[in-house]
Amino acid sequence: MLLFKSGSDNRKITYPSEGDFKVNDLVFEIGGKGKNTKQVNHMQDYRIVSADIEIGSDMKIPLWLFGFLY
């Protein structure tokens, strides 16, 4: 299901069958500090968005960084 499509930069945000949301071909899985890659590690392009962490590493992105996207 298409959630949002930007006209200027051609980004498409959808609900994937696995993961929480998808931007073009990149799947995001959202969870807490202990969230692991078990649900999405078989995919090629994914990121774990974690609350309760200050610094990202490997495939984990801190949730607070998304606040800078406005």
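Fair warning: this is a prediction, and the values are worked out from it, not measured in the lab.
Between F21 and F28, the two ring planes are parallel [angle under 30°; tilted spans 30° to 60°].
By the side-chain hydrogen bond (donor to acceptor under 3.5 Å, both in side chains) test, K35 is found to be paired with E29, Q39, residues two or more places apart in sequence or in another chain being considered. Judged as a side-chain contact (heavy atoms from CB on, under 4.5 Å), and not counting sequence neighbours, the contacts of M59 are Y46, R47.
Taking hydrophobic clusters as Ile, Leu, Val, Met, Phe, Trp and Tyr residues chained together by side-chain heavy-atom distances below 4.5 Å, L26 does not share a cluster with V40. Both I13 and I61 belong to a common hydrophobic cluster when Ile, Leu, Val, Met, Phe, Trp and Tyr are linked at side-chain heavy-atom distances under 4.5 angstrom.
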Please tabulate, for side-chain N and O atoms in residues 48-58, each donor-acceptor pair with protein atoms closer than 3.5 Å (sequence neighbours left out).
residue : atom : partner : partner atom : Å
S50     : OG   : G32     : O            : 3.4

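Across all their heavy atoms, K33 and K60 have their closest contact at O-NZ, 3.0 Å.
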